[in-house]
Amino acid sequence: MSLYYHEYGDKNASLMVFLHGGGVSSWMWNKQIKHFIHYHCLAIDLPEQGKSNDNNMGNFTIKYSAERVIEIIEKKGFEKEVIVIGFSLGAQVIVQMLSMKPNMINYAIINSALVRPSPYIKTMIAPSIKLTFPLIKNKLFSKLQAKALYLGEEYFETYYKESSLMKSGTLIRILEENMSFEIPRGFEKAECKILVTVGEREKAIIKKSAADIVLHNSNCEGIIIPNAGHGISLANPDYFNVIIENWIQDGVLPLDVILIK
């Protein structure tokens, strides 16, 4: 069964695919969809998340997600220019996709992808989730989590509803996949233009991961976005949209960003 996706824009235009981060789903891209209406946009719900939270769609892994997204792109993007944009967990899926299908995508935007495994932290995920999982249904706790993700009031009820429906096993799988992911063999062969972005105020391991990705493929450009944390597309969507649009159309990046070398 295919993953659930929302389809918008001009179906005759280039295909632009959005992959969400963990803890949210395709609705996180609403302000990008409205901006890029002149593209053929697909916002996909990854396995066990959003409207793809169905046993028939399989359990979440980054590799399985990449396989399912590739199937959708092959169907919807046949003979089209293909652009993929991912945040955090979704950005990891893009890195996996590029290693599997190095010639399928024309432009890839990898925002805040973790590619440095943390084996010790991974061992702590299951026991920690079993202790704290009941908090997910606590609205006050959810509001704190939403604030950390730069989610405003307009998104809170959707976020809370989806969080409340998530099973503990799903959350453990997502976090374990996230914390154990590393750059797959074959990523260096990806032929598309790749923009790697990270916020200046993100954790050191995320910034180091961005540098690792840039070093692993000569087609990568990497930038550090000033005064940004984890979630620039939600915190400052207009700025993020302009970065993406100018880079795709003209290969131009803002003067205020710091280049990753």
Side-chain angles (χ1 to χ4, degrees), residues 1-11 15-54 56-58 60 62 65-66 68-69 72-73 76 83-94 97 108-113 136-139 141-167 170-171 173-175 177-178 197 199 228-245:
M1 183 181 290
S2 177
L3 299 178
Y4 185 89
Y5 57 85
H6 303 265
E7 193 167 8
Y8 308 89
D10 181 357
K11 292 185 179 180
L15 184 69
M16 184 175 280
V17 177
F18 296 90
L19 301 179
H20 62 83
V24 292
S25 61
S26 56
W27 50 261
M28 73 160 282
W29 299 110
N30 285 352
K31 292 182 180 177
Q32 280 68 48
I33 296 298
K34 291 176 183 177
H35 181 86
F36 291 106
I37 197 67
H38 49 295
Y39 286 88
H40 179 191
C41 295
L42 298 181
I44 299 174
D45 287 346
L46 296 174
E48 295 193 274
Q49 296 161 81
K51 293 186 178 180
S52 293
N53 190 7
D54 185 316
N56 293 325
M57 294 184 188
F60 176 85
I62 288 171
S65 299
R68 299 287 78 77
V69 174
I72 294 170
I73 291 175
K76 291 289 184 176
I83 302 151
V84 291
I85 302 171
F87 166 61
S88 194
L89 192 71
Q92 291 175 315
V93 173
I94 291 176
M97 289 166 58
I109 295 88
I110 298 168
N111 178 224
S112 302
I136 285 179
K137 296 185 179 181
N138 181 296
K139 276 207 167 182
F141 177 78
S142 287
K143 284 185 176 180
L144 292 173
Q145 294 294 100
K147 185 178 179 181
L149 291 167
Y150 301 105
L151 301 178
E153 286 297 321
E154 62 186 312
Y155 295 126
F156 176 72
E157 288 302 325
T158 301
Y159 168 72
Y160 177 69
K161 180 180 178 182
E162 287 187 355
S163 296
S164 298
L165 290 173
M166 186 173 284
K167 298 173 183 177
T170 298
L171 183 56
R173 269 192 297 278
I174 289 171
L175 292 174
E177 282 283 304
N178 173 254
T197 71
H230 193 67
I232 181 65
S233 61
L234 287 162
N236 194 345
D238 292 338
Y239 180 64
F240 181 78
N241 295 345
V242 169
I243 289 177
I244 301 311
E245 188 165 52

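For the pair S88 (side chain) and N111 (backbone), a donor-acceptor distance under 3.5 Å is absent. At distances below 3.5 Å, not a single donor-acceptor pair connects side-chain atoms of Y160 with backbone N or O atoms of Y155.
Side-chain atoms of E7 and L42, non-hydrogen and from C-beta on, do get closer than 4.5 Å to each other. With contacts defined as side-chain heavy-atom distances shorter than 4.5 Å, the pair E245/H35 qualifies. The shortest side-chain heavy-atom distance between T170 and F60 does not fall under the 4.5 Å cut-off. Side-chain atoms of M166 and I136, non-hydrogen and from C-beta on, never get closer than 4.5 Å to each other.
The shortest non-hydrogen separation linking H40 to D10 is CB-O, 3.0 Å. Between I72 and Y5, the shortest heavy-atom distance links the atoms CD1-CD2, 3.9 Å. Between M97 and A66, the shortest heavy-atom distance links the atoms CG-CB, 3.6 Å. For V93 against S65, the heavy-atom pair with the smallest separation is CG2-CB, 4.0 Å. Across all their heavy atoms, G231 and Y150 have their closest contact at O-CD1, 3.7 Å.
Note that OG of S52 and CD1 of I44 are 8.5 Å apart. Values are rounded to the nearest 0.5 Å. Distance check, rounded to the nearest 0.5 Å: CG of L46 to CD1 of I62 gives 9.5 Å. Taken to the nearest 0.5 Å, the CE atom of M57 stands 12.5 Å off from the CD atom of Q49. We find the NZ-SG distance between K34 and C41 to be 13.0 Å, quoted to the nearest 0.5 Å. Summarising the geometry, atom CG belonging to L89 is positioned 12.0 Å from atom OG belonging to S112; distances are rounded to the nearest 0.5 Å. Atom CD1 of residue I244 and atom CD1 of residue I83 lie 10.0 Å apart, to the nearest 0.5 angstrom.
Among residues two or more places apart in sequence or in another chain, the salt bridge (charged side-chain N to carboxylate O under 4.0 Å, His left out) test is passed with K31 by E154. Every residue two or more places apart in sequence or in another chain that forms a ring-ring contact (aromatic ring centres under 6.0 Å, His included) with H230 is listed here: F87.
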Side-chain donor-acceptor contacts of residues 21-30 below 3.5 Å, not counting sequence neighbours, with atom names and distances?
{"residue": "S25", "atom": "OG", "partner": "W27", "partner atom": "NE1", "Å": "2.9"}
{"residue": "S25", "atom": "OG", "partner": "E162", "partner atom": "OE1", "Å": "2.9"}
{"residue": "S25", "atom": "OG", "partner": "E162", "partner atom": "OE2", "Å": "2.8"}
{"residue": "S26", "atom": "OG", "partner": "H6", "partner atom": "NE2", "Å": "3.3"}
{"residue": "S26", "atom": "OG", "partner": "D45", "partner atom": "OD1", "Å": "2.6"}
{"residue": "W27", "atom": "NE1", "partner": "E162", "partner atom": "OE1", "Å": "3.1"}
{"residue": "W27", "atom": "NE1", "partner": "E162", "partner atom": "OE2", "Å": "3.2"}
{"residue": "N30", "atom": "ND2", "partner": "W27", "partner atom": "O", "Å": "3.4"}

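In K76, the NZ atom is crowded: over 12 heavy atoms of neighbouring residues, nucleotides or ligands sit closer than 6.0 Å.
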Between V84 and I73, is the side chain to side chain contact (heavy atoms under 4.5 Å, CB included) condition met? List the steps.
CA-CA 10 Å; V84 291; I73 291 175; 3.8 Å; yes

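Between F156 and Y159, the ring-plane angle classifies as tilted under the 30° and 60° cut-offs.
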